Amino acid sequence: MSYAIEGASGAWEVVIGLEVHAQVISQAKLFSGAATAFGAKPNAQVSFVDAAFPGMLPVVNRECIAQAVRTGLGLRAQINLVSRFDRKNYFYPDLPAGYQISQYAQPIVGTGVIEIELADGSTRAIGVTRLHVEQDAGKSLHDQHPTKSYIDLNRSGVALMEIVSEPDLRSPEEAGAYIRKLRSILRYLGTCDGNMEEGSLRADVNVSVRKPGEAYRTRCEVKNVNSIRFVMQAIEAEAARQVAVWEEGGTVEQETRLFDSAHGVTRSMRSKEDAHDYRYFPDPDLLPLVLDAAWVEGLRRGLPELPDEKRARFVREYGLSSYDAGVLVAEQAIAVYFEDVARGRDAKQAANWVTGDLFATLNRTGRTIEDSPVSAAALGRMLDLVADGTINGRIAKDVFDAMVESGEAPDAIVEKRGLRQVTDTGAIDAAVAKVLAANPDKVAEYRGGKEKIYGFFVGQVMREMKGKGNPALVNEALKRAL
Ligand code: ADP
Ligand code: MG
């Protein structure tokens, strides 16, 4: 499935590299003990270090480093036992120190890989260039006062992981799949909550275009895009803009741009600075970060089963298709729910119920799996009732709907509403006889060779039995009578 933009001179290929900023899950900030909770009152979570008071010294938070290493391990990346913190100088009103502590030449995590899954079922391995740890800045609030701007430093000093991809992505779809997969891995690891609305995950989107087979051309960077949909739209808009520039005989200049989601266009923000503009230099307040190999090994042993492994296991152990397995493992809570339903039962049926009726119900009611109106135990019990013949597959749908509505247990619903499957052959024969007697013309047609109307009789008999007939016995009785 290749993606191309048609220009007057032919097809253009799109080249994309993503820099994703992921906020580290940690009680405290990267270099101070201040809290990190979202939604606190402005400036309620600011230490002297975060406010850059003179003479304050940063002390690195071990848990933030552990989270970065876990993430690196989860991305199957090289962990650098020696890394270094640098000062990246720039001026912003919400950056009181005048520099951000980041990692430049020696990041904590080197090259890794993220496998993405595309709509046509294919997969691609996307290179991760590096992951480095850095501080977040504060926030300027321009909408609180008619003539003044306020500064909220709650975010100042919060630990971020910047995860940089190789320019391996070739379409908006691939970029979307990359962020979804990265977010899924981060959530499994418990290293970032992946909440894009709260800004815990944001992406800088680097885009260039070229003729197939050419070397890379100049890229532009679209800053701070905060939803997957906007990332995909920004790529489309920016690639189309660049194609138009080249086709008109112009030159794309390297620059930083912003995506205007209301108008679906990118706008120039500033010409792109190079690394030397930041005057990076090793932070003299911080020693090189030296990790103990045994400590890293301990973190590796503590990793949970990640989506790729889980998916492979679901295919192997439960005989699911790779696609269904992929859907079920995208969120850990769904995978746990599925396994609770599938354990000791028909796994394919369990998968069908979870990805079918259950997902539809969650969508319709705006709920998540954590507050599903039907528990895994209840759904499992309902499947048992189908398996032991208490109810048939058709009635199971009604029982499920009743469970959603009332929250009652499946057994109670079956008893109260009299939904037990009818296996009494006398009752089935009587229903068959009644249907045949009411439809003499159809019976004659069927006996005259029009066998495809058989389904009509099944439907009528089931209706006569309020859906509760045992399908196998109904078929037997019908065939006999016809
Ligand atoms: P810088 O240090 O200036 O930000 P990097 O080499 O770190 O530059 O690249 C930043 C991002 O830009 C990476 O995600 C990379 O994959 C991407 N990138 C580099 N070259 C291109 C290109 N020609 N087209 C699209 N993306 C690119
Ligand atoms: Mg960069």
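Worth saying up front: this structure is predicted, and the values here are computed from it rather than measured. First listed ligand is number 1; within each ligand, the first listed atom is number 1. Values below: all heavy atoms of this structure, side chains included; hydrogens, waters and symmetry mates excluded.
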Next on the checklist: Can you tell me which residue among Asn195, Ile163, Leu186 is in a side chain to side chain contact (heavy atoms under 4.5 Å, CB included) with Leu201?
Outcome noted: Leu186
Next on the checklist: Can you tell me which portion of Leu18 lies within the under-4.0 Å heavy-atom range of ligand 1? Options are side chain, backbone, both, or neither.
Outcome noted: backbone
Checklist entry - Relative to the heavy atoms of Glu166, which atoms of ligand 1 are at a distance of less than 4.0 Å? => result 16 (O)
Item to check | Within 45° cone of Trp246 ring axis and under 6.0 Å: Lys211 NZ or CZ | outcome: no
Item to check | Min N/O separation Arg219 to ligand 1 under 3.5 Å | outcome: yes
Checklist entry - Less than 3.5 Å between some nitrogen or oxygen of Arg217 and one of ligand 1, yes or no? => result yes
Checklist outcome for this item: A student checking ligand 1 against Val164 at a 4.0 Å heavy-atom cut-off should list atoms 13 (C), 14 (O)
Checklist entry - Should the proximity of Asn206 to ligand 1, defined as any heavy atom under 4.0 Å, be assigned to the side chain, the backbone, both, or neither? => result both
Checklist outcome for this item: One finds that the ligand 1 atoms under 4.0 Å from a non-hydrogen atom of Tyr216 are 23 (N)
Item to check | Short N-O contact, Glu115 and Arg124, less than 4.0 angstrom | outcome: no
Item to check | Val207 N/O under 3.5 Å from ligand 1 N/O | outcome: no
Item to check | Tyr104-Phe85 aromatic ring centre distance below 6.0 Å | outcome: no
Checklist entry - Does NZ or CZ of Arg87 lie under 6.0 Å from the centre of the six-membered ring of Tyr99, at an angle within 45° of the ring axis? => result yes
Checklist entry - Does Arg343 come within less than 4.0 Å of Asp340, counting only side-chain N to carboxylate O? => result yes
Checklist entry - Should the proximity of Glu221 to ligand 1, defined as any heavy atom under 4.0 Å, be assigned to the side chain, the backbone, both, or neither? => result neither
Checklist entry - Does Glu134 come within less than 4.0 Å of Lys88, counting only side-chain N to carboxylate O? => result no
